[in-house]
Structures are given as C-alpha cells and as structure tokens.
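In what follows, chains carry the letters A, B, and so on, assigned in the order in which the sequence lines appear, proteins first and then strands, with residues in each chain numbered from 1. This structure is a prediction, so every number in the text was calculated from the model and none was measured.
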Amino acid sequence: MESAILQGLNPQQKKAVQTVDLPLLVIAGPGSGKTKVITHRIAYLIYEKNISPFEILGLTFTNKAASEMNERISGLLDNSVAGVTISTFHSFCAMVLRRESEKFGLKQNFTIYDDQDQLSLVKKLVKQLDFDVDNVTPRSLLSQISKAKSKMVGWSTYQENAGNYIQEFTAKIYEEYEASLNLSSALDFDDLLLKTYHLFKDYPEVVSKYQDRFKYVMIDEFQDTNITQYAISKQLSLASGNLAVVGDPNQSIYSWRNADIHNILSFHDDFPTATVVNLDQNYRSTQTILETAQNLISPNTEKFDQKLWTDNSKGQPIVIGEGYNEKEESEMIISEINNLVSKGEYSLGDIAIMYRVNSQSRALEEKCIKYGIKYQIVGSLKFYQRLEIKDLIAFLRLINNPDDDVSLLRVINVPPRGIGQKTLSILSSCAVDNKSSISNVLDQIFSGESTIEIKDLGLTKAAIKNLFNFREMIADFKGYVSKRSLPELIEIIFEQSGYKNHIMNESENFQERNENIRELINTAGYFSKENTNDSLSAFLESVSLVGDTDNLSYEGQKLTLITLHQSKGLEFPVVFISGLEDGMLPHIRSIESENPSELEEERRLCYVGVTRAKEKLYLLRSFRRGFRGESSLPSRFLADITRSQVVSWNFSEEKVTQSNNYVDYQLNQDEYFDEGPNYDIPDIPEYKDSEPVDEPVEFNQFKVGDKVAHKIFGDGIIIGCKALDQDQELQVAFKDGIGIKKLLGSFAKLEEIN
DNA sequence: ACACCAATCGTTTTT
DNA sequence: CGATTGGTGT
C-alpha cells in the first residue's frame with residue numbers, strides 16, 4: 001500500500017520525495033509542481049522516515065517563498081508536528097549570528113544596513129577620501145564591493161589583486177567601508193552570509209551544533225544562490241550528506257545580485273553521488289505557451305537540457321501587439337482587459353501585466369484609472385524605504401545601537417536643529433582620528449573625562465549646545481525602551497523629536513506621511529503581540545529582513561502590475577508582457593555589455609514571464625518609447641517565437657502597414673507562412689482611438705517613424721532625427737540585415753514610401 | 001544654517 | 001521625465 005503522501009505525484013516527483021540520505025538535485029521546470037515536491041518531501045521525512053521536524057531546515061531566497069512554504073506545510077501536516085524551520089538565507093544567518101555573536105566579538109545588538117544605508121556610507125567615504133573620477137559612482141563602488149563580498153574576497157585580497165588605479169581606489173574604499181561597518185557594529189546583507197560562513201569555518205564546535213540540529217537541509221530556488229550561500233549550505237550538510245537543492249537554471253535571473261548559475265549547473269560535479277531528478281511535466285500552461293517558452297529559451301548556452309511537456313490542451317495562440325507609443329500600448333492592454341472582464345471570461349484577479357522596469361507601470365496606471373479598473377502594483381514604493389519611515393527607524397536603530405553612525409548622521413539634524421555640515425565634518429574626522437563612532441566622540445566630549453580637547457575642535461558654542469541637546473534627547477528615548485511598549489516608544493519619538501511638527505509644517509502631504517507613521521506604529525503593535533521576543537532589536541531585524549509583509553493581496557479582485565523579476569513563482573490565467581523592445585527587454589545594459597551571459601539572463605527573464613501564463617499570453621511593444629520619443633526596434637526575442645503560434649494584433653490601417661513590415665524583417669520569415677494558424681482566431685478587440693496620440697515632431701523633411709527607400713540600402717525606417725542648419729542628420733534602420741545607418745538628409749537622397 | 005531655486009544627470013531587477 | 005545635487009540669498 002503506497003503512502004498517502006505519494007498519491008497524486010508523478011514518477012519523477014515521487015523519486016524526488018523519496019530520495020533521502022543522499023545529495024539530491026531537482027531540476028524543476030516552470031509549473032512542474034516544485035512546491036508540492038518540497039512540501040511532500042518534508043511530510044515524507046516526518047511521517048515515513050520518522051524524522052523529527054526539528055531536524056529539517058528549509059532555506060528559501062525570498063520571504064514570500066518562505067511564508068508560502070510554511071503555509072503549505074502546515075496545510076499538509078497537522079499542527080502537532082510544527083517545528084520545521086523554513087527561513088530565508090538572510091534571516092537564518094541573522095538568527096545564527098545573534099545567537100553566537102559573543103563568540104567572535106560581534107555585539108548582539110548589531111544593526112543591519114540596507115542598500116540605502118550602504119550607499120550613504122560609501123558616499124561619505126568617497127567624500128572623506130576626496131576622490132572624484134568620472135564613471136566611478138558610489139553606486140558602482142558599492143556594487144564592486146558587494147560582488148567581492150559575495151565571492152568571499154576580502155578587502156586585503158582585493159587590494160593585492162588590484163590591477164589599476166580605479167581598482168586600487170575601490171580597494172581603499174572597500175577597506176574603509178569594512179572598518180566603518182565594524183566600528184558601527186553594523187552588518188550589510190553580504191555580511192550576514194559571510195560572517196556566518198566564517199563563524200562556521202573558524203568554530204568547529206559551532207558548526208557541528210548546527211549540523212547536528214539540522215540533519216536535513218533543503219534549498220529552494222537554488223539557481224539564485226551566490227557563492228557564499230552555497231558554501232554555507234555545504235558547511236551545514238557536510239556531516240549528514242543530506243543536501244537537497246531544488247531549482248531551475250532557466251529561471252536564474254539574479255546574477256546582478258551575484259547569484260551564480262554555476263552553482264546549480266555544476267552541482268552534480270560537486271556531488272557525484274547526487275541523485276538528479278528532472279521535473280519536466282508542466283501542469284500550468286497550454287501547449288502553445290509552453291512551446292513558445294521553449295523556443296524562446298533554446299538559444300541559450302548556459303542551461304540544463306530539459307524538454308518540457310504537458311498534457312494540457314493546445315489552447316489559444318499567443319497575441320503579439322504593437323502600439324504606437326507607450327500610451328497607446330497601455331490603452332490596448334487595459335482596454336483588452338476591460339473587454340475580457342466585461343465579457344465575463346476572466347476576473348481582474350486572473351490577470352497580470354508584467355514589465356522589465358518599474359517605471360513602465362506609470363502609463364498603465366493612468367489607463368487603469370481611466371477605465372476604473374482596480375489594480376495593485378507589487379512592491380513599487382516600498383513601505384520601509386519611505387523617507388519618514390526610514391527616519392523614524394533610524395532613531396530606533398540609534399537607540400538600539402549608539403555606534404550606528406549612518407543612522408546617527410541621518411537623524412542628527414532631522415528635523416533641523418542647528419547641527420550643520422561644518423559641525424558634522426568636524427565630528428566625523430574626529431571620529432576617524434580616534435577610531436571610534438560619532439556617539440563615542442560625543443560621549444567623550446560631554447562626559448568630562450575626555451581625552452579630546454573640545455576647544456581644539458573649533459565647534460561653535462551654538463553647535464556644542466545643540467549637540468548636547470540632541471544627546472540628551474536620545475538618552476531620554478533610551479530611558480523609555482524598557483518602560484514602554486514598542487508602539488508607544490515610536491509615538492514618543494515621533495512627537496518629542498519634533499518630527500511630527502516638522503512634517504506638519506513642512507510638507508503638503510502631511511496626511512499621507514502621517515498615515516505611514518500610523519502604519520509603522522500598527523506594525524510594531526502586531527509585532528509585539530505575535531513575537532515572544534519583542535525586543536527593539538528583534539523588531540529592527542524583522543524590519544530589515546522581512547520588509548514588506550504580504551505585498552501581494554489575493555483578496556479583492558484586482559489587476560496585478562508586476563515586474564518580471566517579482567513574477568517568479570507566480571502564475572496567472574492571463575498574462576500581458578509589455579515593452580518587448582530591444583533596449584527594454586533585453587535591457588540596453590545587457591545589449592551593451594561585453595558579457596554575453598547578461599543577454600542570456602534577459603532571455604531567461606522573458607522566459608520566466610512567459611511561463612507565468614496559464615491560458616492566454618499577450619506580448620506587447622511600443623513603436624516609440626521614452627520621453628524623447630525615440631523609436632525602438634522589436635525585441636530580438638520575438639524572432640524566436642514561431643509565427644504559426646501567433647496572431648498579430650493591430651488596430652489602424654496606417655499603423656499596421658507601417659509596423660508590420662517592420663516586424664517581418666525582424667521575425668523569421670521562413671516560419672511565417674509554413675502553416676496557417678491551427679487555431680480559432682480569438683476576437684481581437686477593435687481598438688478605439690479614443691485618445692489622440694502624441695503628434696510626431698516635425699523636422700525639415702523627415703520625421704521619426706517615416707518609411708524611406710535608399711538606392712543602395714533598400715527600404716528602411718527613420719529611427720533618429722537631428723536637425724542641423726539647413727539639413728538633418730538621420731538614423732535609419734534598414735531591412736534585410738543591413739542594420740542602422742547614420743545619414744545626412746541632403747546627401748542620402750531618401751525617398752518616402754508608404 | 002537653512003531654504004529655495006536652478007541645473008544636471010542618468011536612467012534595472014532587490015534579499 | 002524625475003530625483004538629486006549645487007549655488008544663491010537670507
């Protein structure tokens with residue numbers, strides 16, 4: 001009699017669930033029941049193998065995935081066997097580090113610096129070192145540092161290998177950056193992983209404690225792990241040999257955050273005894289969508305050889321549409337959604353619009369408002385990134401960890417209290433000289449037993465007084481920590497710091513900002529109720545690591561607007577992907593990059609989007625995009641979609657001819673007429689040109705968008721136009737692989753054609 | 001020290 | 001086109 005846990009699983013899924021006591025690699029194609037396998041495997045371990053839930057550790061990449069898995073497990077298991085640890089890498093590491101901090105001289109109340117904090121620290125260091133070079137921005141420095149850290153390259157090694165002036169400077173910043181974090185008792189996201197790795201490496205008794213506790217380690221979205229995360233996974237599972245990893249190389253889309261696709265691609269080389277399971281049956285999408293996805297991904301070189309299949313029906317063809325510009329593209333999308341919904345075919349909750357960059361949501365939003373369509377934008381303006389929230393959190397951090405200089409500098413003069421740049425630069429350099437934090441400098445100055453001579457610093461009387469008051473204020477706040485609840489504490493800070501008055505007088509959107517603060521206070525209230533450890537430090541950690549809770553609400557029928565990156569792991573009956581243009585998807589940076597793997601990643605990103613769709617897929621692009629109305633070429637990815645599976649969606653005669661020929665030149669002509677559509681062509685809605693589109697700007701003779709013929713190059717289209725004195729410089733995209741040429745209007749003898 | 005205005009710049013994805 | 005920086009005047 002087969003275990004109930006295995007019922008309803010296909011053979012591969014069963015194999016994955018039943019493989020215990022061996023390294024396991026599960027290649028989980030999109031829609032192949034990955035989460036089902038993970039949750040059933042956990043149930044199998046507990047019920048069939050009598051393994052204690054406490055010995056099971058599941059590591060995920062995002063909070064969303066962690067909480068979803070937790071829910072699925074508790075649905076599958078009864079609550080009496082709760083105790084399985086499901087956590088993100090980062091919060092798991094933070095937990096370990098808090099617990100073990102005293103072992104290696106890390107203060108238990110360490111602060112976690114997010115991206116913004118890191119950046120402001122780097123900016124400060126760049127200023128201090130007085131270095132200014134073009135193309136070396138604080139952002140690029142930070143990204144170099146983070147890249148090094150996620151490969152476990154320390155600053156001294158980085159320095160030794162520096163091959164040029166810029167790298168040497170980067171190394172110097174890296175060194176200072178690390179020193180600052182250290183002084184501030186702060187860890188960045190990379191440190192959470194890195195310090196855990198070093199802790200495990202340097203303290204065998206610590207790592208064996210965790211190895212002993214977690215005998216069964218399972219990692220989800222393994223294609224998104226970086227070198228350090230992989231190293232930690234190995235450390236944890238070294239004793240037991242039970243490392244199970246699940247992922248899909250084709251959905252590796254986070255290399256910019258230093259995820260390394262080779263972790264999954266060469267897992268089997270690392271663990272030759274590993275069982276490899278290939279989940280290749282797709283339960284999600286129609287055949288047409290699945291085939292489109294496969295055609296899309298197949299040009300990639302870095303991939304696992306996997307041929308997906310499905311029992312699902314052929315379904316409807318893919319709809320490829322083109323709008324004249326961003327406005328019109330949005331109009332098409334939203335009016336089509338309006339149609340689908342009013343015909344009763346789908347509800348808003350069934351539909352998602354996906355895009356490459358967040359800024360694309362704006363045009364869509366406007367049309368939603370116009371049509372009165374309810375929508376939700378996933379994770380655009382993050383709650384904890386808002387100014388007023390960051391400020392109040394900075395107060396809390398400073399109270400929790402006085403050495404946190406980034407937070408101190410953030411709030412020391414917010415609201416303005418007469419502590420200006422001059423004063424701060426004196427304090428900063430004094431802190432550098434004394435190798436201490438700024439709080440420490442202030443303590444020295446005001447404690448009387450100072451080794452620092454106040455007179456020598458050159459601070460004004462007013463500044464000294466203001467600094468004294470600030471220090472007193474923070475000390476007062478600290479006094480409340482043990483006496484008041486978390487929400488009360490925030491309330492007190494909000495009012496007594498003068499922040500409330502400040503935003504009341506300052507900003508016209510006081511209402512909104514005040515509501516945000518209320519929400520923060522509410523969140524703190526929930527946190528206190530739900531967590532046994534409701535210390536300030538624990539709250540701040542959850543704020544940094546958990547971030548926005550339940551961004552995506554499934555209650556209420558709303559259209560979902562989401563970036564392609566964030567769409568991973570989700571599915572919708574109807575998916576629109578907007579902006580399929582070269583420069584947008586693939587993004588311009590990947591096209592210009594000398595590293596071809598970046599282009600492969602863009603392709604995977606598109607693949608992720610396509611495979612979210614269950615029934616209907618629309619691929620949209622704009623003929624002109626951007627604020628300068630530059631013309632964009634169709635995405636090169638469109639050329640890899642079989643034409644027989646596509647219906648084109650156009651909406652006005654003139655524009656059809658204009659754009660369609662153009663698309664043809666990009667798309668694979670051979671396949672175009674091979675076989676006619678095998679499908680009933682769905683009702684493509686009449687597009688009503690209800691809103692006039694932007695008039696193209698007139699130039700001397702030609703304008704962007706004009707179709708032209710050239711004696712030698714043949715037919716082309718104007719994609720760029722620069723007015724010169726008595727003439728114009730034209731950028732023309734020609735058909736038949738000739739490509740883009742720059743021409744002088746008077747010389748080129750172009751003829752306008754229709 | 002601070003507020004306001006102008007100019008510039010640089011355009012991705014986020015635990 | 002938007003946000004951030006820089007300079008000015010109070």
Does the distance from a Lys or Arg side-chain N to an Asp or Glu carboxylate O, for A:R410 and A:D117, drop under 4.0 Å? no
Looking at A:N358, I'd like to know whether one of its side-chain N or O atoms comes within less than 4.0 Å of OP1 or OP2 on B:dT14. yes
Round to a whole Å and report the spacing from NE2 of A:H502 to C1' of B:dA3. 12 Å
Is A:K34 salt-bridged to A:E221, going by a charged N under 4.0 Å from an acidic O? yes
Picking from B:dC2, B:dT15, B:dT13, which would you name as closest to the side chain of A:N413? B:dC2
How long is the gap from OG on A:S590 to CG on A:L605, to the nearest 0.5 Å? 9.5 Å
With the side chain defined as heavy atoms from C-beta on, A:T423 is closest, among B:dT15, B:dC2, B:dA1, to B:dA1
Nearest to side-chain heavy atoms of A:K422, which nucleotide of B:dT15, B:dA1, B:dC2: B:dA1
Under the 6.0 Å and 45° cation-pi test, does A:K234 pair with A:Y230? yes
Do NZ/NE/NH1/NH2 and the carboxylate oxygens of A:K147 and A:D190 come within less than 4.0 Å? no
Relative to the 5' end of DNA chain B, which residue comes earlier, A:L605 or A:P416, by the nucleotide with the nearest heavy atom? A:P416
I need the CD1-P distance between A:I377 and B:dT13, as an integer number of Å. 13 Å
If only side-chain N and O atoms of A:T137 are considered, is one of them under 4.0 Å from the OP1 or OP2 phosphate oxygen of B:dG10? no
For the residue pair A:W256 and A:H565, is the inter-centroid distance of their aromatic rings smaller than 6.0 Å? yes
Are A:Q566 and B:dT14 close enough that a side-chain N or O sits under 4.0 Å from OP1 or OP2? yes
Would you sort out whether A:M473 and A:F468 count as a side-chain contact (heavy atoms from CB on, under 4.5 Å), showing the intermediate values? CA-CA 9 Å; A:M473 183 181 78; A:F468 181 80; over 6 Å; no
Under 4.0 Å, counting only non-hydrogen atoms across every strand here, what does A:D224 touch: a base, just sugar-phosphate, or nothing? nothing
Distance-only, no hydrogens or angles: does the A:S140 side chain make a donor-acceptor pair with backbone N or O of A:V136 under 3.5 Å? no
Dot-bracket for DNA chain C, please. Rules: Watson-Crick or G-U, both distances under 3.5 Å, ( ) within the strand, [ ] when a pair crosses earlier ones, | for another strand, . otherwise. ||||||||||
Side chain of A:R589: nearest nucleotide among B:dT15, B:dT14, B:dT11? B:dT11
Provide, to the nearest angstrom, the distance between the CG atom belonging to A:D188 and the C1' atom belonging to B:dT15. 12 Å
Short N-O contact, A:E581 and A:R621, less than 4.0 angstrom: no
Report the distance from atom CZ of A:F89 to atom C1' of B:dT15, rounded to the nearest whole Å. 12 Å
I'd like to know if the side chain of A:T563 reaches the main chain of A:Q566, judged simply by a donor and an acceptor atom lying under 3.5 Å from each other, with no hydrogens or angles considered. yes
Contact residues, residues 140-149 of chain A to DNA chain B [heavy atom, < 4.0 Å]: none
Between A:F110 and A:R98, is there a cation-pi geometry (under 6.0 Å to ring centre, at most 45° from the normal)? yes
What contact category does A:R417 fall into here, base, sugar-phosphate, or nothing, at under 4.0 angstrom with non-hydrogen atoms? sugar-phosphate
Just the rounded figure in Å: distance from P of B:dT11 to CG of A:L585. 19 Å
Check whether any side-chain N or O of A:N226 sits under 4.0 Å from OP1 or OP2 of B:dT15, and answer yes or no. no
Taking the side chain from A:S597 and the backbone from A:E600, do they hold a donor-acceptor pair closer than 3.5 Å? no
Check the distance between C:dC1's P and A:E366's CD and give it to me in whole angstrom. 11 Å
Parallel, tilted or perpendicular: which fits the ring planes of A:Y210 and A:F200, with parallel below 30° and perpendicular above 60°? tilted
Please list, pair by pair, any protein nitrogen or oxygen found under 3.5 Å from a nitrogen or oxygen in nucleotides 3-7 of chain C.
| residue | atom | partner | partner atom | Å |
| --- | --- | --- | --- | --- |
| C:dT5 | OP1 | A:K123 | NZ | 3.4 |

Of A:F189 and A:I419, the one whose closest nucleotide on DNA chain B sits nearer the 5' end is A:I419
Would you say whether A:W256 stacks on B:dT13? The test is a distance between ring centres of less than 5.5 Å and an angle between planes of less than 30°. yes
Whole angstrom is fine here: how far is it from CG in A:L194 over to C1' in B:dT15? 15 Å
Between B:dT11 atom P and A:Q360 atom CD, what is the distance in whole Å? 16 Å
